[in-house]
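Inspection log for the structure reproduced underneath, given as structure tokens.
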Amino acid sequence: MSDKPAQAPPSRRAAGDHPSTAVLTRGFDPHLSVGSARPAVFRSSTYVFSSPESAERAFAIVTGREEPAPGETPELIYSRFNHPNAEILEDQIVPLEEGSEWAVVFNSGMAAIMTALMSRLAPGDAIVHTVPLYGGTQHLMHKLLEPWGVVCRPVVSGRGQELDEAIRTTPRLKFVLIETPANPTMAMTDIKRATLTAAQVDPRPIVMVDNTFLGPAFQHPMTLGADLIVYSATKYLGGFSDLLAGVVLGADPELERPIRALRGLFGNILQPDECWILDGRLPTVSLRMNRQSKNAQRIAEALVRRPEIRKVYYPTLFDDPEQIRIRLAQTDYPGAMIAFDLHGGKPAAFEFLRALKLAHNAVSLGGMETLVCHPKSTTHSGNTPEEHAIAGITDGLVRISVGVEDWRDLLRDFEQALDTVQAFVTA
Ligand SMILES: *Cc1c(COP(=O)(O)O)cnc(C)c1O
């Protein structure tokens with residue numbers, strides 16, 4: 001059995017449903033969960049076939065030897081390939097990402113990124129990517145892809161001309177991987193410009209965007225021409241810092257098939273319980289992100305006045321005209337990540353962290369609770385000194401993921417912690 005009916009009742013599929021409606025109405029038929037208003041959790045590892053012929057057909061389809069007929073729903077086989085809770089989650093996540101047609105869910109963001117890349121790379125192929133990248137993605141390139149003969153060519157975030165140049169001149173280019181805004185300084189890369197440049201290259205490389213920081217609420221890469229979008233759903237999609245998950249989304253079914261097939265081999269599909277939990281978080285992603293972004297903007301714009309801070313990094317505080325142009329063109333709201341550089345370097349940053357009373361000193365982001373970390377000694381500690389310099393990761397840099405608490409309480413907490421590092425200003 002499958003929880004995805006071949007033909008959903010028309011009332012559940014009204015054309016033109018907005019994302020906040022569609023996320024609650026599609027992908028789930030209560031009649032397949034004994035009438036339950038919320039999906040059941042199907043924890044079974046294996047599925048009973050209705051006949052040996054349907055088993056044969058399901059295997060032919062899952063291995064790619066045969067194509068499903070229009071409207072055909074192949075029977076489920078074994079949960080490493082697929083299971084109802086993954087199908088429900090995948091159907092419900094699609095309307096949140098404007099322009100996407102399919103989603104594939106994974107047991108972490110890293111699993112999603114690795115599987116998407118490996119689905120099309122062979123030794124000798126190349127990736128052009130923005131830097132800084134998420135530390136795990138950077139490590140994946142250095143520890144696995146490069147030793148296997150994949151060329152990884154970095155371009156500093158926001159340098160549009162250098163990115164164009166790299167896309168045009170890199171032989172056997174298979175992927176352009178863009179992480180925007182960049183972590184932690186929020187430097188933005190023009191997605192549309194990169195997709196237009198990629199379209200001029202033959203064969204055309206796949207433009208893949210890590211949309212973890214601003215998606216799905218505030219940045220819509222598919223509408224700008226991206227081919228694949230990856231998420232660490234551990235962050236805003238999950239929203240409560242209590243699960244690990246990843247998603248790849250796209251529109252072209254030719255891109256989906258090898259990713260799904262490789263997920264079946266790697267065994268990195270998201271487990272049924274996690275799918276069910278994440279599913280319940282989707283309807284509130286936009287509500288949470290809007291609140292978090294409003295909180296962050298108020299806090300960031302108030303912190304600018306503090307003498308202990310050398311510079312605040314936040315999209316509404318950009319001063320470079322090109323960065324301002326990209327922000328206005330491709331993002332709806334500035335998001336909930338703030339970074340700032342303290343006078344007094346590492347001792348000041350550590351003292352600030354120690355003095356916090358409400359916000360926690362932790363890595364990760366996107367949760368309901370406010371988290372603060374020191375990137376140079378934690379999330380970005382694997383980078384070289386040159387990479388730190390290029391990315392603006394100084395000894396005094398602190399990164400904040402703003403939660404949904406009352407912003408006035410958070411600001412007061414940051415201000416009292418800044419009071420404790422006043423001595424560093426003149427030092
Ligand atoms: C956290 C993160 C990842 C990795 O996701 P996991 O769920 O931790 O595997 C990838 N990219 C970005 C931008 C992230 O913040």
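Counting starts at 1 for both ligands and their atoms, in listed order. Note that the numbering runs from 1 along the sequence shown for the chain. The structure displayed is predicted, hence computed values, not measured ones.
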If I apply the N/O under 3.5 Å rule, does Met110 come out as touching ligand 1? yes
Would you please determine whether [X] falls within less than 4.0 Å of ligand 1 on a heavy-atom basis?
X      : result
Val230 : no
Ala245 : yes
Asp210 : yes

Can you list the atoms of ligand 1 that are under 4.0 Å from a heavy atom of [X]?
X      : answer
Glu179 : 13 (C)
Gly109 : 5 (O), 6 (P), 7 (O), 9 (O)
Thr212 : 12 (C), 13 (C), 15 (O)
Ile113 : 10 (C)

To the nearest 0.5 Å, tell me how far Ile277 CD1 sits from Leu89 CG. 11.5 Å
Which one of Leu214, Asn211, Thr189 satisfies the side chain to side chain contact (heavy atoms under 4.5 Å, CB included) criterion with Thr180? Thr189
Check for a donor-acceptor pair, side chain of Ser108 on one end and backbone N or O of Ala111 on the other, with a separation under 3.5 Å. yes
Tell me whether the guanidinium CZ or amine NZ of Arg38 lies under 6.0 angstrom from the six-membered ring centre of Trp276 and within 45° of its axis. yes
